[in-house]
Amino acid sequence: MKKIAILGSTGSIGTQTVDILPSVDAEVVALTTNKRINLLEEQARALHPKMVCAFDEDAARDLKIKLADTDIRVLSGMDGLTACAAESGADIVVTAVVGMVGLLPTLAAIDAGKDIALANKETLVCAGELVMRAAREKGVKILPVDSEHSAIFQCAQAAQGNRLAKIILTASGGPFFGKTADEMKNVTREQALAHPNWNMGAKITIDSATMMNKGLELIEAMWLYDMAPEDIEIVVHRESIVHSAVEFDDGAMIAQLGLPDMRLPIQYALTWPARVACKVPRLSLAEAARLTFYAPDYEAFPALGLARRAAAEKGDRGAVLNGANEAAVGLFLAGKIGFTDIAARVAYALDNIPYQKEITLDGVLAADAAARELVLA
């Protein structure tokens, strides 16, 4: 029986992780949230973890009162997150928190020898070199949870020692596929949050609308699979049936297909290398009938080009890109800037924050802070 810690258990990935637990031979030892303490209390009473954490200090105080009749340890803040990741006794840590907040707990879990079921893409975007080096040194497995990276992981198992010549990342295209750069200037918050295929949190949904999400995934794939960014192709696939593909030196291409449901990649990360019954709906190719693929429009979606730039430059550029994007998306969701201002502010940060080639954890955190400060100024 595996012991599992779920960081971000009340979010989209976290709740779906809880949903598939009956299919997984596992004991949950830690759960975390930011402020959704009512749901976390419900999960804690059902799953009986050793410890829980509310990142928000006020929420943690309320949660401690709610769980006072239990023996569950209630923690708070970054110290609480890292304790749930590293000190809960977990064998594998599901990192389902959104944003830069996932970096320190992931590094703490790796240092403690825990395998990582990685759903927090920002961890590798900001500090991929540091994280992958630490994982190698500790003999820790990084098992991808994102549907695209899980697809690549599954396809790569057919390699049998042969190298991957190319990765093909598929993108839904979000709600604005086919719109021109001029048309994007009038996009509203409500339109940007209306994703055609996936049910995700607000931040990730906006990233999908700008296609920054796919740019972040490109950087993540670069580190996960040790690939040059120019060997990672992005294609728009509106149906979200082909979750990604790989190509070998002989030109053979292998893809992973399935209906758009995150429960399958989550479960596979927890049961790998075994495949067990999963309660997701089954794909019928006859009903799917038609699968389409398009080249992305880099003019209408400039975030893709910014991500490619950060991937090529490496160093601290991933941290700058991600920090600036998180801050700009927050401003957009608050109604303070327009949709196209998101990419414009990220570009400004990349242009104006001095480049650091050699990165350290302190350097990554400093680059992130500088990018946010510049965007919010």
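Residue numbers run from 1 in the order of the sequence given. What you see is a predicted model, and the numbers here were worked out from it, not measured in a lab.
Aromatic ring centres of Phe301 and Phe176: separated by at least 6.0 Å.
Remark: Leu118 CG to Trp223 CH2 distance equals 14.5 Å, nearest 0.5 Å. Distance CE/Met222 to CG/Asp231: 12.0 Å, rounded to 0.5 Å. Here the straight-line distance linking atom OG of Ser147 with atom CD1 of Ile266 works out to 10.0 Å at 0.5 Å rounding. With rounding to the nearest 0.5 Å, the separation of OG in Ser9 from CD1 in Ile4 is 12.0 Å. One finds the CD atom of Glu87 at 8.5 Å from the CG atom of Leu75 (value rounded to the nearest 0.5 Å). Here the straight-line distance linking atom NZ of Lys314 with atom CD1 of Ile219 works out to 10.0 Å at 0.5 Å rounding.
With 3.5 Å as the limit, one finds no donor-acceptor pair spanning the side chains of Asn322 and Asp368. Counted by atom type alone, Tyr298 and Arg308 present one or more donor-acceptor pairs between their side chains at under 3.5 Å. Side-chain contact of Lys121 with Asn213: a donor-acceptor pair under 3.5 Å is present, judged by distance alone. Between the side chains of Glu42 and Asn38, not a single donor N or O lies within less than 3.5 Å of an accepting N or O. When only modelled atom types and interatomic distance are considered, Gln43 and Thr10 share no side-chain donor-acceptor pair under 3.5 Å.
Remark: Lys185 engages Asp182 in a side chain to side chain donor-acceptor pair (under 3.5 Å) (not counting sequence neighbours).
Applying the ring pair (Phe, Tyr, Trp, His ring centres under 6.0 Å) test to pairs two or more places apart or on separate chains, those with a residue in residues 143-175 are Phe153-Trp272.
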(request) Test Arg45 against Asp69 for salt bridge (Lys or Arg N to Asp or Glu O under 4.0 Å), laying out the working first. (result) CA-CA 10 Å; Arg45 292 188 181 277; Asp69 62 323; 2.8 Å; yes
(message) Between Arg163 and Asp249, is the salt bridge (Lys or Arg N to Asp or Glu O under 4.0 Å) condition met? List the steps.
(response) CA-CA 7 Å; Arg163 81 176 193 102; Asp249 281 328; 3.0 Å; yes
(message) Applying side chain to side chain contact (heavy atoms under 4.5 Å, CB included) to Phe55 and Thr32, what does each step give before you reach the verdict?
(response) CA-CA 7 Å; Phe55 190 77; Thr32 82; over 6 Å; no
(message) Pair Glu239, Thr292 - check side-chain hydrogen bond (donor to acceptor under 3.5 Å, both in side chains), show working.
(response) CA-CA 7 Å; Glu239 296 81 8; Thr292 58; 2.9 Å; yes
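Annotation for Thr271 and Val276: closest pair CG2-CG2, 3.9 Å, computed over non-hydrogen atoms. Nearest heavy-atom pair across Thr33 and Leu40 is CG2-CD2, 3.5 Å. Nearest heavy atoms, Pro354 versus Asp316: O-OD2, 3.6 Å. Of all heavy-atom pairs between Lys141 and Asp115, the closest is N-OD1, 2.9 Å.
Judged by distance alone, the side chain of Asp207 and the main-chain N or O of Met212 form no donor-acceptor pair under 3.5 Å. Under a 3.5 Å cut-off, the side chain of Ser88 and the backbone N or O of Ala85 do not form any donor-acceptor pair. The backbone N or O of Val242 sits less than 3.5 Å from a side-chain atom of Thr170, completing a donor-acceptor pair.
One finds a salt bridge joining Asp19 and Arg263 here, because a Lys/Arg side-chain nitrogen approaches an Asp/Glu carboxylate oxygen to under 4.0 Å. A salt bridge links Glu129 with Arg133: at least one charged nitrogen is closer than 4.0 Å to a carboxylate oxygen. Remark: Asp351 engages Arg309 in a salt bridge, criterion side-chain N to carboxylate O under 4.0 Å. No salt bridge links Arg61 with Glu57; every basic N to acidic carboxylate O contact stays at or beyond 4.0 Å. Salt bridge present: Lys203 and Glu122 bring a charged side-chain N and a carboxylate O closer than 4.0 Å. Under a 4.0 Å N-O distance rule, the pair Lys166/Glu233 qualifies as a salt bridge.
When side chains are defined from C-beta on, Val28 does not count as touching Lys50, because their heavy atoms never get closer than 4.5 Å. In this structure the side chain of Tyr225 reaches within 4.5 angstrom of the side chain of Ile167, judged on heavy atoms. In this structure, Lys214 and Leu304 have side chains that are in contact, with non-hydrogen atoms separated by less than 4.5 Å.
Both cation-pi conditions hold for Arg275 and Tyr268: the charged atom is under 6.0 angstrom from the six-membered ring centre and inside a 45 degree cone around its axis.
If you chain together hydrophobic residues whose side chains sit under 4.5 Å apart, Leu264 and Val24 never meet in one group. Taking hydrophobic clusters as Ile, Leu, Val, Met, Phe, Trp and Tyr residues chained together by side-chain heavy-atom distances below 4.5 Å, Leu39 does not share a cluster with Ile37.
In this structure, Asp250 places its CG atom where more than 12 heavy-atom neighbours from other residues, nucleotides or ligands lie under 6.0 Å away.
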